[in-house]
Amino acid sequence: MTKNNGFPENFLWGGALAANQVEGGYIEGGKGLTTVDLMPTGEARQEISKGYIRNFEPQEDVYYPSHGAIDFYNRYKEDIALFAEMGFKALRISISWARIFPNGDEAEPNEDGLQFYDNVFDELLLHNIEPVVTIAHFDVPIHLVKEYGSWKSRKLVDFFEHYSKTIFTRYKDKVKYWMTFNEINMLLHRPYLGAGIVLNDEENVNQVLYQAAHHQLVASAKAVKAGHEINPDFQIGCMLAAGMTYPYTSNPDDIWQAMDKDRESFFFIDVQSRGEYPGYAKRFFKDHNLNIEMEEGDLELLKEGTVDYIGFSYYSSRCTSTDPEVLKTAISGNIFGSIKNPYTKASEWGWTIDPKGLRITANQLWDRYQKPLFIVENGLGAVDELDENGEINDDYRIEYLRAHFKEMREAILDGVEIIGYTSWGPIDIVSASTGEMKKRYGYIYVDRQNDGTGTLERKKKKSFGWYKAVIQSNGEEI
Ligand code: BGP
């Protein structure tokens with residue numbers, strides 16, 4: 001049943017978080033170290049996330065923001081109560097692999113880690129908030145990187161399968177919505193951040209990345225298959241860092257290039273959703289002399305383990321050109337390369353702001369896959385200042401979200417099936433790309449600064465009441 005405003009009655013409004021960006025407690029409860037626990041803030045973080053720096057031990061005198069993050073590990077009850085006050089129907093979190101298997105390759109899970117997520121799910125369910133769980137959101141146990149080279153190794157498929165089965169079995173009556181890999185296409189752009197991959201000079205980068213991609217795709221298919229066997233009601237999705245690439249002009253070369261760029265990302269979802277490698281990917285492998293090693297049965301597995309829905313993040317559209325002059329306008333700050341689109345504005349971090357791009361992207365994904373879509377990330381990273389009364393009037397955030405909600409509604413009215421929307425970082429959290437706290441997305445302010453100082457006190461921003469009204473009216477009052 002849909003109301004006139006488009007949003008279905010059971011629409012899952014909420015917010016999205018990732019373990020490594022909120023929890024802290026980085027070695028508490030027996031948790032092992034992960035890739036993100038070795039990522040500082042600043043320039044070094046960029047180089048590490050691209051896979052250029054090998055760094056397996058925390059260094060003294062270096063501040064690692066994931067170690068304390070915003071202390072969700074100890075404050076989850078307080079935070080969930082605030083989400084409930086806003087009327088959240090869903091909260092997307094990720095499970096930290098290293099809380100469950102500190103090294104990643106153990107046979108037996110860590111009971112303390114399992115208990116922690118039991119507590120979080122119980123608290124959510126108490127407030128009638130549906131948990132939406134990402135199995136791997138950027139944090140690979142560091143032992144798997146050191147010992148096996150992370151997803152370069154086929155062994156990771158088995159470890160991931162064991163990890164997935166363990167959590168599916170444990171939480172089968174508490175969690176219905178799952179996603180296998182967060183922004184799986186990040187692997188091609190930030191290999192260490194996305195998949196724990198460190199690149200060596202002598203390696204063929206494409207060979208390494210697409211081989212790792214194959215391992216993740218097989219692992220994802222195995223997890224989907226196992227999950228459906230454990231509980232046939234499970235809804236298990238993929239997760240794409242989405243955002244259409246626009247051609248700069250109507251020059252057919254530009255059009256083709258835009259299409260080609262989008263296929264770099266669609267490649268993953270084509271396999272996860274349709275269950276087979278698309279022709280353009282096979283051609284790419286051939287043209288680049290890539291030899292993707294596959295085991296017998298892999299192609300059948302990919303077919304059997306297709307996802308139930310398409311989860312995606314949307315922050316920006318991208319723009320591309322084949323004209324060398326135009327290419328000089330490439331903008332910095334965006335993880336996915338883009339030139340400046342003269343028709344759009346940008347955030348303080350240089351991320352293109354394009355609300356209509358959300359409608360375009362949603363339509364595009366729906367046309368391509370004909371599976372329910374779940375917008376599991378979207379939002380504005382901005383600097384928030386406290387005014388003389390200690391209030392945060394984040395009208396710019398409200399304006400950003402309002403514009404995106406209107407376009408989301410248009411997409412639904414276009415006939416696109418969207419099951420929910422979880423905005424990124426409903427409470428201020430550590431930024432994945434920069435490690436900063438200053439880049440804030442929340443409806444709730446956290447007194448935590450870039451250098452780790454601050455009381456961690458939570459405070460509602462103006463957008464808190466606004467989002468609450470949106471949810472309460474099911475999108476009628478935007
Ligand atoms: C996505 C990630 C998130 C998140 C978000 C915002 O790429 O899935 O983990 O952090 O982007 O990015 P940032 O934190 O860099 O602003």
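Atoms within each ligand, like the ligands themselves, are counted from 1 in listed order.
- Separation of the Phe159 and Tyr148 ring centroids falls under the 6.0 Å cut-off.
- Arg92 places a side-chain heavy atom less than 4.5 Å from the side chain of Asn182.
- Counting heavy atoms of neighbouring residues, nucleotides and ligands inside a 6.0 Å radius, atom OH of Tyr343 does not exceed 12 of them.
- Here His143 and Trp97 keep their ring centres 6.0 angstrom or further from each other.
- A donor-acceptor pair under 3.5 Å is absent between the side-chain atoms of Tyr163 and the main chain of Ala98, judged by distance alone.
- Exactly one residue among Lys439, Lys459, Lys462, Arg397 makes a salt bridge (charged side-chain N to carboxylate O under 4.0 Å, His left out) with Asp384. That residue is Arg397.
- Listed by chain and number, residues touching ligand 1 at under 4.0 Å (heavy atoms only) are Gln21, His137, Phe138, Asn182, Glu183, Met186, Tyr315, Trp351, Glu377, Trp424, Ser431, Ala432, Ser433, Lys439, Tyr441.
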